[in-house]
Amino acid sequence: MGKNMLTTKEATLISDLLTMEESACKKARLYSRILTDPELAESFGKIADNHEKRFNALLELL
């Protein structure tokens, strides 16, 4: 098996994690837009950014 080869189980796990990160990012972005408290909205924006970073890092593994 090559250095970048993933097993089927690994690819499935990464795919599941991608789905979860995408969902968490979308929810956090939504909250960042609809919250009226600017501090909370900013916090959720940062949370969404972190989920997006993890999503992109996982995507690079596939």
Side-chain angles (χ1 to χ4, degrees):
M1 191 177 331
K3 181 180 174 188
N4 293 326
M5 296 291 292
L6 296 173
T7 65
T8 301
K9 184 175 182 177
E10 291 168 332
T12 300
L13 289 171
I14 291 171
S15 178
D16 290 346
L17 288 170
L18 280 168
T19 300
M20 289 183 242
E21 289 293 347
E22 180 181 30
S23 176
C25 180
K26 285 180 179 180
K27 288 177 186 176
R29 286 266 181 252
L30 173 65
Y31 297 148
S32 76
R33 287 193 296 268
I34 64 173
L35 286 168
T36 55
D37 181 318
E39 229 175 274
L40 263 175
E42 183 181 345
S43 291
F44 272 94
K46 289 177 183 177
I47 290 168
D49 291 343
N50 287 332
H51 282 295
E52 187 175 350
K53 286 177 190 172
R54 283 192 293 275
F55 177 90
N56 289 329
L58 286 166
L59 193 58
E60 287 181 22
L61 296 174
L62 295 179

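Computed from a prediction, not measured in an experiment: that's the story for all the values here. Residue numbers start at 1 and run along the sequence shown.
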Hydrophobic clusters join Ile, Leu, Val, Met, Phe, Trp and Tyr when side-chain heavy atoms are under 4.5 Å apart, directly or via other members; which others share one with L40? L30, Y31, I34, L35, F44, I47
Could you state the interatomic distance from CG (L61) to CG (N56), rounded to the nearest 0.5 Å? 11.0 Å
Hey, what do you get for CZ (F55) to NZ (K26), rounding to the nearest 0.5 Å? 8.5 Å
C25 to A48 - nearest heavy-atom pair and separation: SG-O, 3.5 Å
Taking side-chain hydrogen bond (donor to acceptor under 3.5 Å, both in side chains) as the test, write out the residues that go with E42, two or more places apart. K46
Kindly say whether A11 contributes a backbone atom to a donor-acceptor pair with the side chain of S15 at under 3.5 angstrom? no
T7 backbone acceptor or donor facing E10 side chain under 3.5 Å: yes
Would you please name every residue forming a side-chain contact (heavy atoms from CB on, under 4.5 Å) with S43, sequence neighbours left out? none
Step by step, would you call R29 with E52 a side-chain contact (heavy atoms from CB on, under 4.5 Å)? CA-CA 10 Å; R29 286 266 181 252; E52 187 175 350; 2.8 Å; yes
Determine, stepwise, if the pair R54 / D49 fulfils salt bridge (charged side-chain N to carboxylate O under 4.0 Å, His left out). CA-CA 9 Å; R54 283 192 293 275; D49 291 343; over 6 Å; no
Contact check, side chains of I14 and L59, non-hydrogen atoms, under 4.5 Å: no
Going only through I, L, V, M, F, W and Y residues with side-chain contacts under 4.5 Å, is there a path from L6 to L13? no
